[in-house]
**Student:** 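Sending over a structure as structure tokens; questions will come in a sec.
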Number of protein chains: 2
Amino acid sequence: MTRRCEDCGVRDRALCGSLDDAELAALAQLGVQRTLARGDTLMRAGDPPLVCANLQRGVMKISTTTAAGDETITGLLYPGDFVGRPFAGAIDQDVVAVTEVELCVFPRAAFERALTNHGRMERLLLQRTLAALDHARLTMVRMAHASATARVAGFVDDIGRRQAPGCRPGAAPAFDLPLSRGEIAELLGLTIETVSRQMKHLETAGMIERVGRRGVVVRNAPALAAVATTA
Amino acid sequence: MTRRCEDCGVRDRALCGSLDDAELAALAQLGVQRTLARGDTLMRAGDPPLVCANLQRGVMKISTTTAAGDETITGLLYPGDFVGRPFAGAIDQDVVAVTEVELCVFPRAAFERALTNHGRMERLLLQRTLAALDHARLTMVRMAHASATARVAGFVDDIGRRQAPGCRPGAAPAFDLPLSRGEIAELLGLTIETVSRQMKHLETAGMIERVGRRGVVVRNAPALAAVATTA
DNA sequence: CGAACCCTTGAGCGAGTTCAACGTGAGTGG
DNA sequence: CCACTCACGTTGAACTCGCTCAAGGGTTCG
């Protein structure tokens with residue numbers, strides 16, 4: 001799979017949206033299109049990070065495995081998100097595809113050179129990383145204080161915003177959860193059973209509708225968002 | 001308080017440790033030494049960030065106030081840490097001194113110019129921010145999964161590493177907690193009472209010794225670290 | 001000395017876990 | 001086509017950890 005990724009800058013508006021043509025061309029020179037199947041690992045904790053990438057399609061998870069052996073998901077990556085740790089010696093978390101994903105992959109050394117040569121790219125990456133840091137810190141709040149209902153509601157709300165962004169206002173957002181119940185439980189720090197119960201609770205409260213195992217239709221988005229922050 | 005901060009680069013090894021003399025001189029030109037009393041606010045959520053700074057002495061907290069009105073501490077800043085959001089429009093969290101602190105403050109515009117002119121500084125800031133992001137994600141794990149005992153043990157362990165780094169091996173690290181019980185509770189997502197009980201529990205288990213209200217002597221650091229990750 | 005603040009300690013309660021059983025759908029081989 | 005299996009999800013019952021409410025100490029400041 002060595003096809004050049006010529007549209008990496010076009011698709012990844014979050015990182016490359018404000019780059020000029022020369023910069024986009026430089027990125028296209030570097031990028032290689034790659035597809036990963038569900039469950040494939042892009043980076044493994046402990047390894048030196050060999051690549052950086054832009055996620056174009058699908059969802060990936062960032063996870064650690066504790067000494068006790070249980071996995072914990074510490075974050076999710078959606079289309080447009082940047083993956084990798086340029087200038088870092090080693091990474092301490094795994095990055096794994098939870099759905100089939102499409103990536104624009106850059107060899108790390110070349111990507112670092114590109115950052116050095118194109119100051120704006122480095123600037124954008126810095127801004128984005130600072131934003132991700134703030135987001136992570138705010139997520140911590142949810143993890144620390146929120147009830148199980150709020151966590152699950154917040155998760156569904158988040159996914160809804162990211163998975164069905166093009167949904168026109170008024171229509172009920174419908175989408176598939178990219179994660180299994182067990183993965184949701186890991187992410188939210190709950191048990192599978194509690195996630196299941198809370199999903200049911202959100203359904204009986206009329207906020208969502210469950211379609212099959214993973215399908216969700218948001219019936220009352222404002223109420224869902226309110227529960228996510230309130231309870 | 002407009003004294004030039006001439007040693008900002010010397011003290012803040014984490015950010016400036018690998019800068020050359022010209023870069024350090026450039027920073028010294030910009031920096032202004034400033035002292036904040038306990039409780040003073042450096043940045044307020046919603047405001048545009050007017051300054052960036054390096055924390056030299058003391059401890060600050062990053063916190064948000066939810067709609068419900070209760071404060072949540074999302075992170076702590078220690079000497080050597082960078083404060084601020086260069087290139088950001090507005091910040092969404094408060095930064096407040098929890099002890100008396102000493103800062104090397106840079107006007108934001110000037111600091112941004114310095115980053116632009118000295119690529120290595122921007123590089124270092126990016127690396128540090130990526131590291132902070134990883135740290136925040138791993139902290140989330142603690143918030144999500146860990147028991148009250150593990151949270152408190154982890155907190156004490158963390159503080160011990162940061163507050164008494166020069167402690168020679170073999171000696172029991174002794175230090176004062178920079179936060180009140182209430183602040184610890186906010187940070188860990190617990191109640192004051194639970195924090196108090198867990199501190200006592202760590203003491204009766206022989207891992208720590210409490211000296212007055214805030215003093216702590218770590219008697220069994222390995223056990224403490226083990227509890228932080230295990231339970 | 002009283003007041004305010006912070007910390008500690010106790011008793012009861014509730015949310016979420018644990019343990020266990022059952023349901024359901026997809027894939028497999030007879 | 002049906003039985004079998006296996007992974008995933010749901011549901012129920014008992015238990016536990018941490019919260020809530022309440023009272024009691026210690027210190028500092030007027």
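Sequence lines set the chain letters: A, B, ... in the order given, protein chains first and strands last, and positions in each chain run from 1. Small disclaimer: the values here were computed from a predicted structure and weren't measured.
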**Student:** Can you say whether a donor on the side chain of R197(B) sits under 3.5 Å from an acceptor on the base of dT8(C), or the other way round?
**Tutor:** no
**Student:** Specify the closest pair of heavy atoms between G215(A) and D176(A), including all atoms of both residues, with the distance to one decimal.
**Tutor:** CA-OD1, 3.2 Å
**Student:** Take T194(B) and G189(A), find for each the nucleotide of DNA chain C with the closest heavy atom, and name the residue whose nucleotide sits nearer the 5' end.
**Tutor:** T194(B)
**Student:** Could you tell me how far apart I192(B) (CD1) and dG10(C) (P) are, to the nearest whole angstrom?
**Tutor:** 18 Å
**Student:** Nearest-Å distance, CD (E203(A)) to C1' (dT10(D))?
**Tutor:** 12 Å
**Student:** Can you tell which of R38(B), R57(B), R34(B) makes a salt bridge (Lys or Arg N to Asp or Glu O under 4.0 Å) with E100(B)?
**Tutor:** R57(B)
**Student:** Rounded to whole Å, how long is the line connecting atom CZ of R38(A) with atom P of dA7(D)?
**Tutor:** 13 Å
**Student:** Tell me which nucleotide among dG9(D), dG18(D), dC7(C) gets nearest to the side chain of R213(B).
**Tutor:** dC7(C)
**Student:** Are R210(B) and dT8(C) close enough that a side-chain N or O sits under 4.0 Å from OP1 or OP2?
**Tutor:** yes
**Student:** Using only heavy-atom distances, decide whether a donor-acceptor pair under 3.5 angstrom links the side-chain of E183(B) to the base of dC6(C).
**Tutor:** no
**Student:** Treating R85(A) as the side-chain partner and I91(A) as the backbone partner, does any N or O pair qualify as donor plus acceptor under 3.5 Å?
**Tutor:** no
**Student:** Just by distance, no angles: are the side chains of S63(B) and E186(B) close enough, under 3.5 Å, to form a donor-acceptor pair?
**Tutor:** no
**Student:** Let me know the distance between CD of Q198(B) and P of dT8(C), rounded to the nearest Å.
**Tutor:** 12 Å
**Student:** How about CZ on R214(B), more than 12 heavy atoms from neighbouring residues, nucleotides or ligands closer than 6.0 Å, or not?
**Tutor:** yes
**Student:** Give one of base, sugar-phosphate or nothing for L190(A), where a contact means two heavy atoms less than 4.0 Å apart.
**Tutor:** sugar-phosphate
**Student:** Can you tell me which nucleotide in dG18(D), dT11(D), dA22(D) comes closest to the side chain of E193(B)?
**Tutor:** dA22(D)
**Student:** Rounded to whole Å, how long is the line connecting atom CG of L179(B) with atom C1' of dC7(C)?
**Tutor:** 15 Å
**Student:** Report yes if a side-chain nitrogen or oxygen of T191(B) is closer than 4.0 Å to either non-bridging phosphate oxygen (OP1 or OP2) of dC19(D); otherwise report no.
**Tutor:** yes
**Student:** Looking at K200(A), does any N or O in its side chain come under 4.0 Å of the phosphate oxygens OP1/OP2 on dT10(D)?
**Tutor:** no
**Student:** Check every strand shown and say whether R181(B) touches a base, only sugar-phosphate, or nothing at a heavy-atom separation below 4.0 Å.
**Tutor:** sugar-phosphate
**Student:** Tell me: CE of M199(A) to P of dT11(D), nearest whole Å?
**Tutor:** 12 Å
